[in-house]
Amino acid sequence: MSKIYTIERFILEHQPESAKGEFTNLLYDIALAAKIIAHKTNRAGLVDILGRAGAINIQGEEQQKLDVYADEMIFRICDHSGRLCVMASEEQEEIMHIPEQFEKGSYALVYDPLDGSSNIDVNVSIGTIFGIYRALDWDLRGREEDVLQPGRDLVAAGYVLYGSSTMLVYSTGQGVHGFTLDPELGEFLLSHQNMRLPAPPAYYSINHAYFQRWSPAVQSYVRWLQGGEDGSAPVMSSRYIGSLVADFHRNLLRGGIFCYPAEENKPNGKIRLLYEAGPLAYLIEQAGGYASNGRGPILDIQPTDLHQRTPLFIGNRSLVDMAEKFVAEED
Ligand code: AHM
Ligand code: MG
């Protein structure tokens, strides 16, 4: 029989010998938050029957929207562990400080608590994305600078997919590993060790409804993906869910590219650098792929603003390189 690994055992066995466990425990905290959010997400459809968001529930508490719930849950689980010195969430305008009564640790957490907002209310897969940085300066730890770091400096990143099963996928720079939640045991079990992007790629993912808003270079590139232009693209099918985590996860397993390019009135597209593009770019490189803003690596961008956006091309390197080539010809 093959070994059964819980996420806890896997993290422990794969931490460097010098590790003190602080970082390991931080990943374990995130796994706990993921289980709680998964439980809540699975019951989301019952809200219509048992009470709407905004209504008062049986305990006299107001029911929260799922994304607000997820945001608070991650903060509450991670704020008192002594492992973090600061957090930043897509749902919060400013950085979130560790409350004064708790110890400050040496790591900084960035997260998108529940991505795919248009899919939350319609029972379509959604996800959580996270990235972990080391504080820049121990004595000054907890500043905005600690989260405004390029993706290249991430020490770990991952996501949780709330789909037909709940999966947690993460990397600490030694490959990408995936765990599937057994809802009866309440444990994440290792299901995908050392995930690598397969080739040839199977899918490309882009919101075609925005075709008219893209630059001529991006339009040509998308025609290339479809088999047009010089006809050198691999034969692919198109899939687009509109939840970045779900689109990313499918493409990671089957090979492909996800694109959210710049648009006429949105020069930086829609995807957030810190909470979405950065952590996923870190994962894709660990899986043998590449992420670009069309002109260079996402991981090299120095963020200047907590909520800055970036055009995103992410997936098999051969496809992303080609996107850069089309964009470069226009420049
Ligand atoms: P959100 O942060 O409001 O959820 O928006 C991000 C989501 C991504 O998950 C997804 O890839 C994208 O928005 C889809 O956008 P669009 O509907 O414009 O194609
Ligand atoms: Mg988001």
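Remark: side-chain polar atoms of Gln308 are not paired, donor with acceptor, to backbone N or O of Pro303 under 3.5 angstrom. A distance-only check finds no donor-acceptor pair linking the side chain of Thr24 to the backbone of Leu12 [under 3.5 Å]. Looking only at distances, no side-chain donor or acceptor of Arg141 sits under 3.5 Å from a matching main-chain atom of Ala135. Looking at Asp115, its side chain never comes within 3.5 Å of a backbone N or O of Gly127 through a donor-acceptor pair. In this structure, the side chain of Asp146 engages the main chain of Gly142 through a donor-acceptor pair within 3.5 Å. Side-chain atoms of Lys104 never come within 3.5 Å of backbone atoms of Leu84 as a donor-acceptor pair (strictly under, hydrogens ignored).
Counting only heavy atoms from C-beta outward, the side chains of Arg317 and Leu197 never approach each other to under 4.5 Å. For the pair Met167 and Val160, the minimum side-chain heavy-atom distance is 4.5 Å or more. Side-chain contact check for Tyr5 versus Glu13: some heavy-atom pair is nearer than 4.5 Å. Between Leu189 and Phe179 the shortest side-chain heavy-atom distance does not fall below 4.5 Å. Using a 4.5 Å heavy-atom threshold, the side chains of Leu168 and Tyr170 count as touching. Contact check for Glu91 versus Tyr111: no side-chain heavy atoms found under the 4.5 Å cut-off. At least one side-chain heavy atom of Val86 sits less than 4.5 Å from a side-chain heavy atom of Val147. Counting heavy atoms from C-beta outward, Asn293 and Leu312 have side chains that stay 4.5 Å or more apart.
The nearest pair of heavy atoms linking Val218 to Pro261 is CG1-CG, 3.7 Å. When all heavy atoms of Ser232 and Met322 are compared, the closest pair comes out as OG-CE, 4.2 Å. Nearest heavy atoms, Gly116 versus Ser243: CA-OG, 3.7 Å. Considering every non-hydrogen atom in both Glu324 and Arg295, the closest pair reads OE2-C, 4.0 Å.
Inspection of the Thr310 and Asn268 side chains reveals no N or O donor paired with an N or O acceptor under 3.5 Å. No donor-acceptor contact under 3.5 angstrom links the side chains of Ser215 and Gln219, judged on distance only.
Salt-bridge formation is detected for the pair Arg223/Glu229: a Lys NZ or Arg NE/NH1/NH2 atom is positioned less than 4.0 Å from an Asp or Glu carboxylate oxygen. Using a 4.0 Å cut-off between charged nitrogen and carboxylate oxygen, Arg152 and Glu285 count as a salt-bridge pair.
Partners of Asp29 by side-chain hydrogen bond (donor to acceptor under 3.5 Å, both in side chains), not counting sequence neighbours, listed by chain and number: Arg83. The salt bridge (Lys or Arg N to Asp or Glu O under 4.0 Å) check on Arg254 picks up nothing, with sequence neighbours excluded. By the side-chain hydrogen bond (donor to acceptor under 3.5 Å, both in side chains) test, Glu8 is found to be paired with no residue, residues two or more places apart in sequence or in another chain being considered. For Lys325, the salt bridge (Lys or Arg N to Asp or Glu O under 4.0 Å) test picks out no residue, with sequence neighbours left out. Residues meeting the salt bridge (Lys or Arg N to Asp or Glu O under 4.0 Å) test with Asp71, sequence neighbours left out: none. By the side-chain hydrogen bond (donor to acceptor under 3.5 Å, both in side chains) test, Arg250 pairs with Ser205, Asp247, sequence neighbours left out. The side-chain hydrogen bond (donor to acceptor under 3.5 Å, both in side chains) check on Ser81 picks up nothing, with sequence neighbours excluded. Evaluation of the side-chain contact (heavy atoms from CB on, under 4.5 Å) rule for Asp121 yields Lys65 as partners, not counting sequence neighbours. The salt bridge (Lys or Arg N to Asp or Glu O under 4.0 Å) search around Arg143 returns Glu145, not counting sequence neighbours.
Note that CZ of Phe10 is 4.0 Å distant from NE2 of His177, once rounded to the nearest 0.5 Å. Here CE of Met236 is found 8.5 Å from CG of Asn316. Values are rounded to the nearest 0.5 Å. Interatomic distance, Leu225 CG to Ser220 OG, rounded to the nearest 0.5 Å: 11.0 Å. Here the CD1-CE distance, from Ile132 to Met87, works out to 11.0 Å after rounding to the nearest 0.5 Å. Between the CD1 atom of Ile284 and the OG atom of Ser171 there is a distance of 11.5 Å, given to the nearest 0.5 Å. Atom CD1 in Ile74 sits 11.0 Å away from atom OH in Tyr69 (nearest 0.5 Å).
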For Ile298 and Leu273: C-alpha separation, side-chain torsions, deciding distance, then whether side chain to side chain contact (heavy atoms under 4.5 Å, CB included) applies.
CA-CA 8 Å; Ile298 291 285; Leu273 176 61; 3.9 Å; yes
Please step through side chain to side chain contact (heavy atoms under 4.5 Å, CB included) for the pair Glu90 and Glu276, ending with a clear verdict.
CA-CA 9 Å; Glu90 196 193 281; Glu276 299 170 330; 2.8 Å; yes
After noting the C-alpha distance and the side-chain angles of Thr128 and Val245, does the key distance pass the side chain to side chain contact (heavy atoms under 4.5 Å, CB included) rule?
CA-CA 7 Å; Thr128 298; Val245 172; over 6 Å; no
Go through Leu27 and Thr172 one step at a time and tell me if the side chain to side chain contact (heavy atoms under 4.5 Å, CB included) criterion holds.
CA-CA 10 Å; Leu27 283 171; Thr172 55; 3.9 Å; yes
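No continuous path of ILVMFWY side-chain contacts below 4.5 Å connects Phe188 to Val176, so the two sit in separate hydrophobic clusters. Hydrophobic clustering (side-chain heavy atoms under 4.5 Å, transitive across Ile, Leu, Val, Met, Phe, Trp, Tyr) groups Ile257 together with Leu244. The hydrophobic cluster containing Trp224 also contains Tyr240, counting ILVMFWY residues as joined when their side-chain heavy atoms lie under 4.5 angstrom apart, directly or transitively. Linking Ile, Leu, Val, Met, Phe, Trp and Tyr residues whenever their side-chain heavy atoms come within less than 4.5 Å leaves Met96 and Leu148 in two separate clusters. Following chains of ILVMFWY side-chain contacts shorter than 4.5 Å, one cannot reach Val110 starting from Val169, and the two form parts of different hydrophobic clusters.
By the neighbour-count criterion of 12 heavy atoms within 6.0 Å, atom CD of Glu330 is densely surrounded, having more than that number from other residues, nucleotides or ligands. Enclosure of atom CD in Gln101 by more than 12 non-hydrogen atoms of other residues, nucleotides or ligands within 6.0 angstrom is indicated.
Annotation: ring-ring contact (aromatic ring centres under 6.0 Å, His included) contacts involving residues 264-294, sequence neighbours excluded, comprise Tyr275-His307. For residues 181-202, the set of pairs meeting the side-chain hydrogen bond (donor to acceptor under 3.5 Å, both in side chains) definition, not counting sequence neighbours, comprises Thr180-Ser191. Every pair passing ring-ring contact (aromatic ring centres under 6.0 Å, His included) that includes a residue from residues 114-165 is listed here, sequence neighbours excluded: Tyr159-Phe248, Tyr159-His249.
In summary, of the residues considered (Ile206, Leu319, Val327), a side chain to side chain contact (heavy atoms under 4.5 Å, CB included) with Tyr221 occurs for Leu319 alone.
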